[in-house]
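Heads up, the thing below is written out as structure tokens.
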Amino acid sequence: AELEMDEFDAQAWHLLGSDPVPVGTLRIFQEGDQWLLGRMAILKPYRNKGYGKQLIWEAYAKGQALGIPSFLIHAQTQASDFYRKLGFIPQGPIFMEAGIPHRMMLLVL
């Protein structure tokens, strides 16, 4: 839990996917002059059913409404194809975060 909560949570927009129970989450937050998406998670029984895409689309709509030009995401490398299909572009080298390989990806709104 201490890895999941940080100083950005209080200022972030937290999106919740439900069916009708909560099935997934994603947050939108600003760090300096960058806007990021983070803490994307879908419960296992609900994966590959479109909930992740819906959360990204909602974040996209929120970003457009706020005039945000782009989002960055620390994407787990195992999920990079998912993000590519949604328009994210890989940025920079692979890095480790919480013991899991990640790559920064950019979505221009």
Side-chain angles (χ1 to χ4, degrees):
E2 60 275 359
L3 290 177
E4 295 301 327
M5 297 177 69
D6 61 24
E7 69 274 17
F8 300 109
D9 279 334
Q11 69 183 27
W13 282 278
H14 297 268
L15 306 179
L16 180 67
S18 59
D19 184 24
V21 299
V23 300
T25 186
L26 174 66
R27 74 176 182 173
I28 302 169
F29 66 102
Q30 188 174 16
E31 182 176 14
D33 62 351
Q34 298 287 328
W35 286 90
L36 292 97
L37 300 178
R39 305 295 195 255
M40 172 83 154
I42 305 294
L43 294 173
K44 280 189 181 183
Y46 297 93
R47 291 180 188 165
N48 300 310
K49 297 183 181 194
Y51 295 104
K53 286 183 205 176
Q54 289 176 356
L55 285 170
I56 295 290
W57 290 335
E58 288 298 321
Y60 189 98
K62 181 70 171 175
Q64 284 187 316
L66 294 170
I68 296 170
S70 63
F71 285 124
L72 288 171
I73 190 166
H74 295 191
Q76 291 183 11
T77 56
Q78 67 182 12
S80 61
D81 285 342
F82 166 78
Y83 291 112
R84 272 194 196 111
K85 290 176 185 174
L86 293 172
F88 287 81
I89 302 164
Q91 306 286 301
I94 293 172
F95 59 93
M96 296 300 286
E97 187 172 280
I100 302 168
H102 286 70
R103 176 176 251 164
M104 191 72 73
M105 297 184 84
L106 174 71
L107 176 66
V108 176
L109 302 182

Checklist entry - Is it true that Ile68 and Ile89 fall in one hydrophobic cluster, defined by side-chain heavy atoms closer than 4.5 Å? => result no

Next on the checklist: Is there a path of hydrophobic side-chain contacts, each under 4.5 Å between heavy atoms of I/L/V/M/F/W/Y residues, joining Ile73 to Met96?
Outcome noted: no

Checklist entry - Side chains of Tyr51 and Asp19: donor-acceptor distance under 3.5 Å anywhere? => result yes

Item to check | side chain to side chain contact (heavy atoms under 4.5 Å, CB included) between Arg84 and Met105, worked out | outcome: CA-CA 8 Å; Arg84 272 194 196 111; Met105 297 184 84; 3.7 Å; yes

Item to check | Between CD on residue Gln54 and CD1 on residue Ile42, distance to nearest 0.5 Å | outcome: 9.0 Å

Checklist entry - At their closest point, which heavy atom of Phe29 faces which heavy atom of Ala12, and how far apart are they? => result CB-CB, 3.8 Å

Next on the checklist: Given 3.5 Å as the limit, does a donor-acceptor pair link the side chain of Gln78 with the main chain of Ser80, or not?
Outcome noted: no

Checklist entry - Are Leu36 and Ile100 connected in a single hydrophobic cluster, I mean Ile/Leu/Val/Met/Phe/Trp/Tyr linked by side-chain heavy atoms less than 4.5 Å apart? => result no

Next on the checklist: Donor-acceptor pair, distance only, cut-off 3.5 Å: does the side chain of Ser18 make one with the backbone of Val23?
Outcome noted: no

Next on the checklist: For Ala59 versus Leu26, what's the shortest heavy-atom pair and its separation?
Outcome noted: CB-CD2, 3.8 Å

Checklist entry - Which atoms form the tightest heavy-atom contact between Tyr83 and Ala75, and what is the distance? => result CD1-CB, 3.6 Å

Checklist outcome for this item: Distance col, row Lys62:NZ vs Leu109:CG, nearest 0.5 angstrom, shows 13.0 Å

Item to check | Rounded distance (nearest 0.5 Å) linking atom CH2 of Trp35 with atom CH2 of Trp13 | outcome: 4.0 Å

Checklist outcome for this item: Here the pair of heavy atoms bringing Arg103 nearest to Thr77 is N-CG2, 4.2 Å

Next on the checklist: Distance check, rounded to the nearest 0.5 Å: Ile56 atom CD1 versus Phe82 atom CZ?
Outcome noted: 5.5 Å

Next on the checklist: Taking Leu16 as the starting point, is it possible to reach Leu43 by hopping between hydrophobic residues whose side chains are less than 4.5 Å apart?
Outcome noted: no

Item to check | Evaluation steps, side chain to side chain contact (heavy atoms under 4.5 Å, CB included), between Leu37 and Leu72 | outcome: CA-CA 6 Å; Leu37 300 178; Leu72 288 171; over 6 Å; no

Checklist outcome for this item: Result for side chain to side chain contact (heavy atoms under 4.5 Å, CB included) between His74 and one of His102, Arg39, Met40 points to His102

Checklist entry - Are Leu66 and Trp57 in one and the same hydrophobic cluster, where Ile, Leu, Val, Met, Phe, Trp and Tyr link if side-chain heavy atoms are under 4.5 Å apart? => result yes

Next on the checklist: Quick check for you: to the nearest 0.5 Å, what is the distance between Tyr60 atom OH and Lys53 atom NZ?
Outcome noted: 16.0 Å

